[in-house]
Amino acid sequence: MKPLGRAFYARDALEVAPLLLGRTLVSESEAGTVTGRIVEVEAYCGPRDPASHAYRGPTQRNAVMFGPPGHLYVYFTYGMHYCANVVCESVGSPGAVLLRAVEPLSGVELMGERRGIDPASVRLLARGPARLAQAFGIDRSLDGSDLVGGPVWIGGRQVLRGDVVAGPRIGITKAAEEPWRFYEAGPWASPLRSPPLKAANVPGR
DNA sequence: ATTAAGATTGGCT
DNA sequence: GCCAATCTTAATA
């Protein structure tokens, strides 16, 4: 298997996001190699998306998002967690896709080590963006890392084991109603923490 | 210089 | 279900 090429990432984040589902995320390091099948992502659409870190223009933190596509944007949050994004689109157009969950495929022992848990608890290894980053050894030192030729990359064809669903994004307060979260129905994506549905959007009963 | 919030998680009731 | 942990970032003054 080889990394997806630059061209794959050079289009709208909303287009890239669902195409990432079912593909293989790979992380290679001295410690070993871990891989997983991507099952949940969220698109962040730059200047037109109030929830995007790039909404108010370039800053020191989000600089990578404004660079060329096919790179990793890694940020630190809540004083303890890292989250990994795939930078899309083109220079100056800061679209990105947050990697939210994978089904662990190989290297589960190393994942468990990094996570500080028993590898037998497979669902806790890389379900949730901060857990995924930890399991794959991704921190700020990989911010800007090239997905084409770098230690972290995405490859393969789409292997889907359930329906692809689009729904509201998780954990944000702005533009929370946009259905820009894409996931595979099944046991691997984040559990539904009942996103507050607006009464107007709830089908009558 | 100060401050409020945060693309989360894990532990406890 | 609720809440503390923990500290960087960016907005405000």
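No hydrogens, no waters, no symmetry mates; every other heavy atom, side chains included, goes into these values. So you know, we letter chains A, B, ... as the sequences are listed, proteins then strands, and number each from 1.
- Transitive grouping of hydrophobic side chains (ILVMFWY, heavy atoms separated by less than 4.5 Å) keeps A:V87 and A:V74 in distinct clusters.
- For C:dA10, one of the phosphate oxygens OP1 or OP2 lies less than 4.0 angstrom from a side-chain nitrogen or oxygen of A:T59.
- Contact annotation: A:R61 reaches the phosphate of C:dA10 (side-chain N/O to OP1 or OP2, under 4.0 Å).
- Sequence order on DNA chain B of the closest nucleotides to A:K174 and A:P129 puts A:K174 first from the 5' end.
- Taking side-chain N and O atoms only, A:H53 has a distance below 4.0 Å to OP1 or OP2 of B:dA7.
- A:R56 has no side-chain polar atom (N or O) that falls below the 4.0 Å cut-off from OP1 or OP2 of C:dT9.
- Residue A:R169 has no polar side-chain atom (N or O) positioned under 4.0 Å from OP1 or OP2 of B:dT8.
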**Q.** Chi angles and distances behind the salt bridge (charged side-chain N to carboxylate O under 4.0 Å, His left out) call for A:E42, A:R100
**A.** CA-CA 7 Å; A:E42 279 176 1; A:R100 287 196 58 94; 3.6 Å; yes

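- In this structure, A:H53 has its ring center under 6.0 Å from that of A:Y75.
- By the criterion of a centre-to-centre distance under 5.5 Å and near-parallel planes under 30°, the ring of A:Y78 forms a stack with the base of B:dG6.
- Look at A:R127 and you won't find any side-chain N or O under 4.0 angstrom from OP1 or OP2 of B:dT9.
- The pairing partner recorded for C:dT6 is none, the criterion being a Watson-Crick or G-U wobble arrangement whose two distances lie under 3.5 angstrom.
- A close approach under 4.0 Å does occur between a side-chain nitrogen or oxygen of A:T173 and OP1 or OP2 of B:dG6.
- Without hydrogens or angle criteria, A:R115 side chain to A:L124 main chain gives a donor-acceptor distance under 3.5 Å.
- Distance, A:H81 NE2 to C:dT9 C1': 16 Å, rounded to whole Å.
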